Amino acid sequence: MSTLDSFRVATRAWLEANCPASMRTPMPEDERVWGGRQPSFKNPESKIWFERMVSRGWTVPTWPTAWGGGGLTTDEAQILNDEMTRLNCRTPLFGFGISMLGPVLLKYGTEAQKAEHLPPIARGEIRWCQGYSEPNAGSDLANLQTKAENRGDHFLVNGQKIWTSYAHLADWIFCLVRTDSAKHRGISFLLFDMRTAGVKTRPIALISGASVFCETFFDNVRVPTRNLVGQLNNGWQIAKELLQHERGMISQIGRAIGGTVPPVEVVAKQYLGDATGKISDPVLRDAVARQVMNDRAFELTIRRAGQESAAGAADGGASSMFKYYGTEQNKKKFELILKCAGTQALGWTGPDFTPDELTLCRTWLRSKGNSIEGGTSEIQLNVIAKRVLGLPD
Amino acid sequence: MSTLDSFRVATRAWLEANCPASMRTPMPEDERVWGGRQPSFKNPESKIWFERMVSRGWTVPTWPTAWGGGGLTTDEAQILNDEMTRLNCRTPLFGFGISMLGPVLLKYGTEAQKAEHLPPIARGEIRWCQGYSEPNAGSDLANLQTKAENRGDHFLVNGQKIWTSYAHLADWIFCLVRTDSAKHRGISFLLFDMRTAGVKTRPIALISGASVFCETFFDNVRVPTRNLVGQLNNGWQIAKELLQHERGMISQIGRAIGGTVPPVEVVAKQYLGDATGKISDPVLRDAVARQVMNDRAFELTIRRAGQESAAGAADGGASSMFKYYGTEQNKKKFELILKCAGTQALGWTGPDFTPDELTLCRTWLRSKGNSIEGGTSEIQLNVIAKRVLGLPD
Amino acid sequence: MGLVLNEEQRMLQRSAQEFFSARQPLKALRTLRDNQDATGFDRELWRAMAELGWAGILIPEAYGGAAFGYQGLGLILEEAGRSLAASPLISTALLGGPLILSAGSEAQKHAWLGAVAAGERVVALALDERSRHAPTSIATRAKSQGSGYVLKGSKVMVLDGHVADQLLVVARTSGADDAAQGLTIFVVDATARGITRTRLTLVDSRNAANVAFDNVEVAATAVLGMPDSGYAALAPVLDGARVGLAAEMLGSGLEAFERTLNYLKLRVQFGVPIGSFQALKHRAALMYCEIELTRSVVLEALTALDEQRGDVPQLASLAKAKACEMLELVSSEAIQLFGGIGMTDEEEIGFFIKRARVAQQTFGDAVFHRDRYATSMGF
Amino acid sequence: MGLVLNEEQRMLQRSAQEFFSARQPLKALRTLRDNQDATGFDRELWRAMAELGWAGILIPEAYGGAAFGYQGLGLILEEAGRSLAASPLISTALLGGPLILSAGSEAQKHAWLGAVAAGERVVALALDERSRHAPTSIATRAKSQGSGYVLKGSKVMVLDGHVADQLLVVARTSGADDAAQGLTIFVVDATARGITRTRLTLVDSRNAANVAFDNVEVAATAVLGMPDSGYAALAPVLDGARVGLAAEMLGSGLEAFERTLNYLKLRVQFGVPIGSFQALKHRAALMYCEIELTRSVVLEALTALDEQRGDVPQLASLAKAKACEMLELVSSEAIQLFGGIGMTDEEEIGFFIKRARVAQQTFGDAVFHRDRYATSMGF
């Protein structure tokens with residue numbers, strides 16, 4: 001038996017022995033484990049599962065063991081992933097520390113920074129948020145104005161961020177700040193504790209109701225100079241890498257959100273199905289067919305891109321295409337659901353609507369943000385035109 | 001009885017007495033009278049009708065009688081138009097001289113130019129064509145490069161025009177030429193005889209088959225200086241006015257073309273109607289409904305613009321909106337007809353298709369040009385955004 | 001179409017503009033929403049609107065109305081649509097009053113119309129029973145009992161149903177569940193025994209209720225007009241409501257578009273106003289065309305209503321379908337073009353998309369009306 | 001899906017690219033058109049294609065074919081679509097041969113397939129009878145007479161029908177006019193007495209004919225496979241043809257798109273390439289997405305055909321519908337973006353829109369296939 005085969009056998013056995021039963025069921029949104037200084041575990045088994053995975057370093061399987069990771073090779077990590085999928089194991093820990101900051105620190109961080117920040121991320125002790133957008137720096141992110149004055153041993157940070165996800169629940173922030181007037185070459189990447197004096201957050205209510213986004217204000221916040229990641233004024237490079245990564249994540253949002261709402265043809269049948277299950281309105285039936293066919297074509301395209309990438313024929317514009325098409329398709333899906341369900345999909349609260357119907361309405365509204373956050377659809381189309389099609393500026 | 005009422009009574013009587021029977025029927029394309037040095041009258045009665053109208057100056061009712069016109073007031077001209085419509089009288093004479101050059105000469109021409117050119121236009125003796133577009137001056141018309149060197153008593157014209165409608169049949173041309181390097185302030189408006197040495201035309205075949213368009217070549221063409229209309233280098237002002245006028249005409253093209261092809265719901269019923277006349281494919285039926293509803297809304301909007309303009313509330317962007325919407329709607333109409341008629345609308349020649357079916361196919365292809373000629377749809381949208389909506393450059 | 005306004009209409013338009021911008025700006029709806037106001041509109045303001053003659057605008061002077069016609073009401077609704085004003089204009093001025101006028105006996109008209117025109121009574125139409133508009137799919141039954149009837153069934157999306165004084169209930173007295181024949185309209189006291197009203201909290205924060213009828217006993221005099229032929233009286237009134245709603249939607253679309261246009265001119269990214277980007281310009285120009293077309297069909301339909309023309313049903317479907325398509329486009333584009341800020345509850349633009357979808361579904365969406373238009377054209 | 005090509009497939013693709021660009025560029029179609037060529041394709045080239053193994057690409061080696069499968073044929077058709085090449089690939093390699101293979105007896109296979117694979121016989125499917133694809137709406141009847149049958153009826157849009165050596169005629173031997181049951185396929189000599197073939201001159205300058213059967217007598221041995229159950233054999237072959245045609249359409253869309261993209265980069269107006277205008281960029285990016293999606297579904301459907309998977313019918317409808325939508329968009333946008341020059345016959349881009357509309361109608365348009373997909377999904 002090859003080493004990898006042995007690894008697979010051992011991993012499978014460990015997972016089967018250690019993953020609690022309820023951790024093998026689909027995860028409700030509110031059972032996600034985010035860690036942090038005040039961790040919450042709605043389902044007690046999620047704490048057990050989290051702790052066992054932390055003990056293996058498998059919250060971050062490919063990170064070095066020195067930093068709390070599992071030290072796995074890419075192949076081994078793939079096997080772990082396969083086996084977790086096979087058993088329907090839940091992801092034990094979520095957070096921007098794992099998905100965004102960790103990779104940045106591994107690439108750009110000093111040894112001291114790695115030692116200070118990576119293990120707490122791996123162990124879910126510190127929850128991170130991301131300070132990128134500002135009121136006047138949306139699509140034009142590099143226009144950010146939050147200022148960090150270099151005062152020798154510290155930076156003095158003043159300004160405002162917006163769309164800071166979970167800022168009100170986060171312990172630390174990684175943040176793009178302006179350290180020079182040159183638009184792209186004057187941006188730096190700073191880390192600081194959200195408890196630092198001068199940091200304030202204010203949650204943003206979205207049109208869909210409550211939200212995880214905040215406005216975050218910095219008033220003379222003192223950040224130790226050692227919390228600069230990478231070189232001074234070189235933060236834009238880091239930001240670009242993270243943005244591409246984020247795009248990929250958001251193009252999944254539609255699919256994830258879709259997961260909490262039944263497929264469009266199911267909703268259509270529920271409200272418009274005749275005795276045989278056929279959607280009784282032929283015009284809406286055609287629209288539903290178009291929707292599910294494009295969904296299928298899109299899924300196949302994502303799969304194809306995966307194969308191409310595995311074969312080394314990766315396409316630089318793929319993430320923009322997926323971000324664009326996935327989010328637009330998701331918006332169309334909800335508009336179509338609204339047409340099929342009629343007024344029953346338009347309830348805000350109250351007993352005359354089922355919980356599913358109320359979710360439909362909120363999720364429809366939330367879907368409108370998908371084509372804005374993480375780079376608008378317009379920006380994605382610009383990127384495709386330029387990078388993939390080579391059209392001139 | 002008011003003067004206008006008397007005019008109406010007399011006009012009606014004259015039309016009833018003088019308009020031949022066949023001139024009160026719908027006019028096939030090939031019975032249009034264009035006049036010119038070699039006029040052709042396929043229907044002999046069209047010659048009688050033409051001559052009678054010329055004798056009244058009613059080929060150009062509002063032009064002064066001194067220039068061969070009818071000398072009518074706007075109100076009288078409206079009455080003439082009403083009465084001709086009432087009797088279904090055909091337009092006795094067509095041509096760019098009447099619709100385009102005449103108004104320009106009346107506004108910008110010298111007395112000598114009016115005396116030389118207007119009466120022959122009114123009497124249908126000279127057929128005009130329009131030299132505007134060039135291979136590299138399409139949407140960017142002001143980029144035109146056809147050069148007219150001022151040689152004292154004459155201009156020496158060299159260059160090439162394209163899309164010159166009926167150039168191969170025209171006697172004279174009105175033409176935009178470059179007399180200075182300043183893009184917009186270096187264009188002049190010249191008239192010359194198509195028999196002048198150095199003028200050559202070559203008809204253009206369109207994707208729909210034969211066409212009325214030509215390429216027109218000028219090789220050292222000598223044009224007398226007195227044939228300059230308006231001031232030197234001020235031709236762009238004239239051009240802009242004519243373009244707005246042309247736009248209005250082309251937005252009618254769809255409706256005119258539509259006139260030679262049955263309405264979309266009639267074609268759809270012909271190929272897809274069930275025993276009750278209902279279109280049997282519900283998805284295409286919905287598309288047909290959408291099409292005819294938008295057609296109706298568009299017609300109502302044109303009518304409304306007419307009322308607004310009569311009430312002095314004219315909208316500067318209306319002609320662009322009509323050009324844009326009318327031509328796009330016309331293209332959609334033919335695409336829909338193709339979907340309804342299936343392969344029967346895809347014949348090029350031959351006995352297995354009816355003449356109507358063959359016309360459908362050619363007209364579908366020709367409709368694609370509507371959103372290009374006279375300013376592309378893209379240009380119209382630019383104009384609406386700028387002039388009507390005030391969006392910045 | 002009656003496009004060029006006469007002096008009287010211009011005055012009406014000006015007073016509507018002033019009324020809604022001063023007394024019912026969009027933030028009034030937000031306040032009603034945030035306070036979870038039990039009524040859902042401002043009774044004070046409704047009385048003020050009635051004093052201006054708007055509650056009885058379609059009611060002849062003989063019955064105490066202002067008789068200003070659909071074109072006049074259209075002007076008011078367009079302005080109401082701009083500020084998304086919540087009021088019984090649709091339930092009572094556009095539907096309740098006119099239906100009593102259309103179907104009622106002289107006695108019934110005299111009994112009810114004066115109070116409607118005075119803004120003293122809210123009268124709601126209890127018609128639909130499904131989540132998509134289907135005006136002849138009526139399963140609510142009225143059975144003869146003694147000299148009167150007993151009503152049994154349930155209705156959804158009854159506009160202002162929770163605050164109505166009277167309900168005009170469309171019930172089946174004969175015929176199959178989806179037949180136009182056999183429907184009868186009853187005027188029923190909204191607090192009658194056996195009636196349960198549940199106020200709906202909809203995404204647009206406007207007013208509607210579901211209403212259940214559990215063996216509600218009504219007198220024979222409650223029948224509005226003739227038994228079994230209520231649909232004939234209802235149909236033209238319903239078309240009027242569709243057109244009136246389309247006028248409101250036109251106003252909402254215009255307002256959302258103008259706000260978006262303004263944002264495009266002010267919002268700077270990459271050193272220039274985002275309205276200078278050609279792709280956004282073209283989309284704005286497209287919206288402009290759709291709004292212009294919608295205005296034309298709404299005006300034509302309003303005129304046809306006042307002239308009681310035979311093509312009212314066709315034009316009503318044209319106006320409502322076009323208003324639905326336009327407003328779906330404009331309200332969606334507005335959010336996208338406002339970007340992140342448009343997703344916040346703090347920014348008002350989001351109220352337009354919420355109202356849009358409810359208005360789209362009310363009295364038939366674009367699919368419904370395209371089908372109806374096609375049928376009217378014989379294909 | 002079989003995306004990553006193996007070495008054999010890469011060689012096939014290269015040879016197809018070379019063949020079509022060198023020997024059948026787009027101007028070959030123009031020449032056939034302008035010369036009003038009686039055959040409508042180049043027999044010489046067809047023989048060359050057969051020598052490369054393409055005529056018998058779906059035929060097992062045992063019957064003289066190359067057995068390269070649908071994925072191989074898809075590569076060839078995609079390249080053929082780029083140059084809009086006219087050849088019997090669809091009629092014979094994609095339909096005629098495979099239908100004999102699917103339905104025929106051993107004797108019939110041995111009798112016909114070798115000649116098909118050698119490019120010696122053109123075999124055409126005579127199926128449709130209406131102007132829109134309706135594969136079970138068959139009124140052409142085959143009545144028993146003696147030991148054989150008599151065929152009566154007429155067929156439209158028989159691809160290569162005017163030059164076919166044999167016709168595979170789908171005729172009704174029992175059942176109602178639109179039933180799938182009761183259809184029988186006959187192999188009929190194209191010159192048999194009673195057959196009238198009218199070549200169609202279509203807008204795309206490709207080959208099809210209307211064929212009339214006036215009491216055509218055929219022997220019992222002409223029945224391909226079993227009487228009355230021809231549709232079961234035809235259905236998978238027809239799905240293969242839909243996918244193959246979608247592959248051709250993908251190639252045409254790609255080529256039209258690349259030519260347009262190139263034009264956007266070269267054409268200068270207002271001092272800049274028109275491809276720098278954002279509105280055009282966004283439209284180009286949109287087309288790119290649609291082409292990418294089409295490629296995915298075509299590849300998946302080709303793979304499913306080779307693997308004889310159960311979801312072939314669903315994927316065939318997905319591929320054909322998507323190809324129709326994509327090519328309608330791309331071919332129309334191409335004309336608009338080329339501007340006036342695109343309207344001239346001299347510029348080749350117009351050939352794409354002409355071919356597109358015929359291909360869209362062939363074997364079912366997007367409306368047909370969305371309906372079929374919905375049915376297959378149970379809604």
Side-chain angles (χ1 to χ4, degrees), chain B residues 263-266 268-269 272-274 276-280 282 284-308 310-313 315 317-318 320-322 324-325 328-329 377-378 380-393, chain C residues 1-5 257-258 260-262 264-266 268 272-301 303 311 314-315 317-323 325-326 366-367 369-379:
Chain B
V264 58
E265 72 274 17
V266 172
K269 283 171 84 159
L272 301 172
D274 65 15
T276 70
K278 187 169 172 171
I279 297 171
S280 58
L284 288 174
R285 177 173 176 265
D286 180 66
V288 170
R290 191 190 290 263
Q291 180 73 28
V292 300
M293 290 168 86
N294 279 331
D295 280 346
R296 181 89 183 273
F298 182 56
E299 289 294 334
L300 287 169
T301 304
I302 291 176
R303 237 174 73 198
R304 182 163 69 85
Q307 288 186 28
E308 277 179 345
D315 176 338
S320 283
M321 179 171 90
F322 296 151
Y324 168 74
Y325 204 93
E328 293 295 334
Q329 190 66 7
S377 280
E378 291 76 13
Q380 307 314 323
L381 291 174
N382 286 349
V383 171
I384 294 169
K386 181 172 178 172
R387 305 236 181 104
V388 185
L389 306 181
L391 289 170
D393 276 330
Chain C
M1 106 194 68
L3 171 78
V4 185
L5 302 184
F257 180 61
E258 287 169 14
T260 304
L261 214 49
N262 193 43
L264 290 176
K265 292 173 187 173
L266 295 179
V268 171
V272 292
I274 60 173
S276 66
F277 292 114
Q278 195 197 31
L280 304 194
K281 280 184 182 176
H282 281 196
R283 282 154 61 182
L286 220 72
M287 285 190 263
Y288 168 76
C289 293
E290 292 298 323
I291 290 172
E292 285 295 303
L293 263 65
T294 303
R295 177 178 286 292
S296 306
V297 297
V298 167
L299 286 171
E300 178 75 357
T303 308
D311 59 351
Q314 196 174 69
L315 285 168
S317 280
L318 179 60
K320 183 59 169 52
K322 205 66 208 137
E325 291 164 3
M326 178 277 288
V367 173
H369 285 292
R370 286 199 299 268
D371 174 69
R372 191 166 174 258
Y373 191 92
T375 302
S376 80
M377 293 267 295
F379 64 82

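Per chain, numbering begins at 1; letters A, B, ... match sequence-line order. Given the structure is predicted, the values throughout are model-derived calculations rather than measurements.
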Side-chain ion pair, B:Glu308 and B:Arg304, N-O less than 4.0 Å = yes

inquiry  = Assess whether a salt bridge exists between C:Glu300 and B:Arg296, defined as any Lys/Arg side-chain N lying under 4.0 Å from an Asp/Glu carboxylate O.
reply    = no

key: B:Lys386: salt bridge (Lys or Arg N to Asp or Glu O under 4.0 Å) partners, not counting sequence neighbours   = B:Asp393

request  = Taking salt bridge (Lys or Arg N to Asp or Glu O under 4.0 Å) as the test, write out the residues that go with C:Lys320, two or more places apart.
outcome  = none

Checking heavy atoms, do the side chain of [X], its backbone, both or neither come under 4.5 Å from chain B?
X        : answer
C:Glu258 : neither
C:Lys322 : side chain
C:Phe257 : side chain
C:Thr375 : both
C:Phe379 : both
C:Leu315 : side chain

Sort [X] into side chain, backbone, both or neither according to what part of it lies under 4.5 angstrom from a heavy atom of chain C.
X        : answer
B:Lys278 : both
B:Glu378 : both
B:Asn382 : both
B:Val288 : both

key: Heavy atoms of other groups near C:Lys265 NZ, more than 12 under 6.0 Å   = yes

remark   = Of the listed C:Met377, C:Lys281, C:His282, the one with the largest count of heavy-atom pairs under 4.5 Å with chain B is C:His282

note = Distance col, row C:His369:NE2 vs B:Arg290:CZ, nearest 0.5 angstrom, shows 14.0 Å

query = Less than 4.5 Å apart, any side-chain heavy atom of C:Cys289 and any of B:Ile384?
reply = yes

query = Would you say the side chain of B:Asn294 lies within less than 4.5 Å of the side chain of B:Tyr325, judging by non-hydrogen atoms?
reply = yes

